[in-house]
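In what follows, a single structure is set out as structure tokens and then discussed.
In what follows, every chain begins at residue 1, and chains take the letters A, B, ... in the order their sequences are listed.
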Amino acid sequence: MEQPQIRTKISELVYSDAFGQNFLVKGWVRTKRGNKHVAFIALNDGSCIHNLQVVADVAAFDEELLRNVTTGACVAVCGKLVPSQGQGQSVELQATSIYLYGKADPDVYPLQKKGHSLEFLREIAHLRPRTQTFGAILRIRHAMAFAIHKYFNDHGFFYLHTPIITASDCEGAGAMFQVTTLNLSEPPRTESGEVDYAQDFFGKPANLTVSGQLEGELGAMALGAIYTFGPTFRAENSNTPRHLSEFWMIEPEMAFYEIQDNMDLAEDFLKFLIAYALEHCADDLAFLEKMYDAELTDRLRFVLDNRFVRLSYTEGVEILLRSGAKFEFPVSWGMDLQSEHERYLVEQHFRCPVILTDYPKEIKAFYMKQNTDGKTVRAMDVLFPKIGEIIGGSQREEDLEVLQRRVEELDLPQKDLWWYLDTRRFGSAPHSGFGLGFERLLLFVTGMVNIRDVIPFPRTPKNADF
RNA sequence: UCCUCAGUAGCUCAGUUGGUCAGAGCACCUGACUGUUAAUCAGGGGGUCCUAGGUUCAAGUCCUAGCUGGGGAGCCA
């Protein structure tokens, strides 16, 4: 019988009814079962959550070959697609030839057919993509990245590549990683003994970006609406299931958007992404629901079907004060809301995503547009059940004098911000934007609870392996 | 960074008051079984009890410090 030369992905076969036809598949062995007459090989090639059941008549194959077909091994299989006699799958491949690409010594291959803890899998991040769980997560991650580009493209936004390396220290979003080519054991010194950054690569101190927003605003004030989608770096010593040192962030920035438009966009955007996941990642979501989170798709549908509650910080504080709930940190107007307060509003009071707006200006960034009350700014935080703040954004202050006054009040280095202030000096306009933490979105969509499990190779304090 | 819990076989864990305490299940190996579904059944091999000190006649067990991981908090997306 003629052997097919073209490889077929398993995702194309598991729902196929091309019975009697020959196919060539290539993938990694998940498990092998059977007896001395017949072997069942569960093969996965990453194209979908499902394994293809390969059936091998033991007598028809070299004994040594089959002995090396173990969990983790990589093989190519030619065979005939037939309806499965067994219960777990609708099709199976009757193998006519098997080629062993790479063995995986069962004594030392870390992955077993048994389930593994997520903590253990983090220690073998180079191999965990081969598990069903991480296959599902990484496919969903891809789908969400694609959907993000699709949404913005379809809505007339332009993808702007803001810099990864920045020499401005005023992004105001936490500690930064320094970028230098100086010899750290013997850096050049100035006459006064300080490190002489004039001799550094960029001639001044440089860092990895903590946000593309400031440059994003420059793009919005020219192209009308832009978004960024790239890696972001925070050198904070944060050790939580919701923080990474390196993560991906989406930051749309829109000219002529006021805060209400900003909220409309954020809600529509998030709902589009969730709907996209439900439509395009159904099998992977079903797996995660079965294994980790029985309410996963219910929760996704709930967010899709309900309008986000919108209320001001002041109203939120009043609800918390009236609630009678006991909080570790007592609520008062002017304080930043603690996790417990946000959770109360989202999970106890409204039981729905909440957009909080108009925060006290003292607890928000300098660039946010000040309200006429003199006390609050047009900030907006989108709070989700289980994961808290998923989006932070605001209308930006477009008035040069007001913005400059705020820069002075906060003692920010105005000379480094000249280019940012120029947008207010020349053709200023109302504009808004927000930042969406990509991995936080993925936490919500996948139902995972630790952010280290929704990025292929997590970077956290004391961990940059792989 | 703070609080808290944990670290024993490849994995998940048990190990009582400090005294036969080196254990189980799974994985792996060998054998059995003509269609399995985390296959099943029988047998076998497998240990720096996280590290360094300390207390004690005696430490997996108690004390101190450190390292690593989980959970909570802060910072934030």
>> Across nucleotides 3-12 of chain B, 5' to 3', mark each nucleotide with B, S or - according to how protein heavy atoms within less than 4.0 Å reach it.
In response: -------BSS

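- Under the Watson-Crick and G-U wobble criteria, each requiring two contacts below 3.5 Å, nucleotide B:rA6 is paired to B:rU68.
- Straight-line distance between the C1' atoms of B:rC29 and B:rC63: roughly 43 Å, to the nearest whole Å.
- Atom P of B:rA14 sits at a distance of 29 Å from the matching atom of B:rU1, rounded to the whole Å.
- Using Watson-Crick or G-U wobble geometry with both donor-acceptor distances under 3.5 Å, B:rG45 finds no partner in any strand shown.
- Here the P atom of nucleotide B:rG74 and the CD1 atom of A:I363 are 13 Å apart, to the nearest Å.
- Side-chain nitrogen and oxygen atoms of A:Q338 include at least one within less than 4.0 Å of the OP1 or OP2 phosphate oxygen of B:rG74.
- Counting distance only, with no hydrogens placed and no angle test, the side-chain atoms of A:S238 and the base atoms of B:rC75 include a donor-acceptor pair under 3.5 Å.
- Remark: the A:Q89 side chain and the B:rG35 base include no donor-acceptor N/O pair separated by less than 3.5 Å.
- The gap from the C1' atom of B:rC21 to that of B:rC49 amounts to 11 Å, rounded to the nearest Å.
- When each of A:R141, A:R242, A:R459 is paired with A:E439, the salt bridge (charged side-chain N to carboxylate O under 4.0 Å, His left out) condition holds for A:R141 and for no other.
- Here the C1' atom of nucleotide B:rG74 and the CD atom of A:E389 are 14 Å apart, to the nearest Å.
- Separating the CG atom of A:N68 from the P atom of B:rC28 is a distance of 14 Å, rounded to the nearest angstrom.
- Comparing B:rC33, B:rA77, B:rG74 by their nearest atom to the side chain of A:K36 picks out B:rC33.
- By the 30° and 60° cut-offs, the orientation of the rings of A:F146 relative to A:Y276 is tilted.
- As judged by a 4.0 angstrom heavy-atom cut-off over every strand, A:E92 is placed among the base-contacting residues.
- Distance CZ (A:R234) to P (B:rG74): 17 Å, rounded to an integer number of Å.
- Separating the P atom of B:rG70 from that of B:rU12 is a span of 13 Å, rounded to the nearest Å.
- Base pairing analysis places B:rG19 opposite B:rC57; the two distances defining the Watson-Crick or G-U wobble pair are each below 3.5 Å.
- Looking at A:Y367 and A:E217, their side chains never bring a donor and an acceptor atom within 3.5 Å of each other.
- For A:D336, whose side chain is taken as the heavy atoms from C-beta onward, the closest listed nucleotide among B:rC75, B:rU1, B:rG35 is B:rC75.
- For the P atoms, the distance linking B:rC13 with B:rG53 amounts to 29 Å, nearest Å.
- The base of B:rG72 is not paired with the side chain of A:E340 by any donor and acceptor separated by under 3.5 Å.
- A:H341 places its NE2 atom 11 Å from the P atom of B:rC75, with the value rounded to the nearest Å.
- A search for ring-ring contact (aromatic ring centres under 6.0 Å, His included) contacts involving A:F434 returns nothing, not counting sequence neighbours.
- Heavy atoms of A:I250 sit nowhere under 4.0 angstrom from any nucleic acid atom.
- Contact annotation: side chain of A:Q53 to base of B:rU36, donor-acceptor pair present below 3.5 Å.
- Rounded to the nearest Å, the gap between the P atom of B:rC33 and that of B:rG71 is 48 Å.
- Within 4.0 Å (heavy atoms only), A:E251 reaches no atom of the nucleic acid at all.
- For A:H243, the listed nucleotide lying nearest its side chain is B:rG74; candidates were B:rA73, B:rG74, B:rC33.
- Regarding A:K32, its NZ atom lies at a distance of 16 Å from the C1' atom of B:rG35, rounded to whole Å.
- With both pairing distances under 3.5 Å, B:rG35 is matched to nothing as a Watson-Crick or G-U wobble pair.
- Looking at heavy-atom distances under 4.0 Å, A:R30 makes no contact with the nucleic acid at all.
- Residues passing the side-chain hydrogen bond (donor to acceptor under 3.5 Å, both in side chains) test with A:D358 are A:N371, sequence neighbours excluded.
- If you check the side chains of A:T70 and A:Y109, you find no donor sitting under 3.5 Å from an acceptor.
- Ranking B:rC28, B:rA73, B:rG35 by closeness to the A:F40 side chain, first place goes to B:rG35.
- For A:R440, counting side-chain heavy atoms from C-beta on, the closest listed nucleotide (B:rU36, B:rU1, B:rA77) is B:rA77.
- Along RNA chain B, the nucleotide nearest A:R452 and the nucleotide nearest A:M249 are compared for position; the residue whose nucleotide lies closer to the 5' end is A:R452.
- Note on A:G435: only backbone sugar-phosphate atoms sit closer than 4.0 angstrom, heavy atoms only; bases stay farther off.
- Protein atom CE of A:M448 is 13 Å distant from nucleotide atom P of B:rG71, rounded to whole Å.
- Aromatic ring pairs are classed by plane angle as parallel below 30°, tilted from 30° to 60° and perpendicular above 60°; the pair A:W333 and A:Y313 is perpendicular.
- Atom pair A:R242:CZ and B:rG70:P shows a separation of 13 Å (rounding to whole Å applied).
- Residue A:R33 has no polar side-chain atom (N or O) positioned under 4.0 Å from OP1 or OP2 of B:rC33.
- Heavy-atom contacts from other residues, nucleotides or ligands closer than 6.0 Å to CD of A:E409 number more than 12.
- A donor-acceptor contact under 3.5 angstrom links the side chains of A:Y15 and A:D283, judged on distance only.
- Within 4.0 Å (heavy atoms only), A:L244 reaches at least one base atom of the nucleic acid.
- Separation of atoms CD (A:Q94) and SG (A:C78) is listed at 14.0 Å; rounding is to 0.5 Å.
- Counting only heavy atoms from C-beta on, A:N35 has its side chain closest to B:rU34 among B:rA77, B:rU34, B:rC75.
- Comparing the same atom, P, in B:rU56 and in B:rU51 gives a spacing of 23 Å after rounding to whole Å.
- Counting non-hydrogen atoms under 4.0 angstrom, A:T232 reaches nothing in the nucleic acid.
- Distances shown here put every side-chain N or O of A:T240 at or beyond 4.0 Å from the OP1 or OP2 atom of B:rA73.
- Pair assignment for B:rA24: B:rU12, on the basis of Watson-Crick or G-U wobble contacts that are both within less than 3.5 Å.
- When distances run from any side-chain atom of A:S84 to the nucleotides B:rU30, B:rU36, B:rG74, the shortest one goes to B:rU36.
- A salt bridge does not link A:R343 to A:E340: none of the charged nitrogens lies less than 4.0 Å from a carboxylate oxygen.
- Using a 4.0 Å heavy-atom distance criterion, A:N239 is classed as a base contact.
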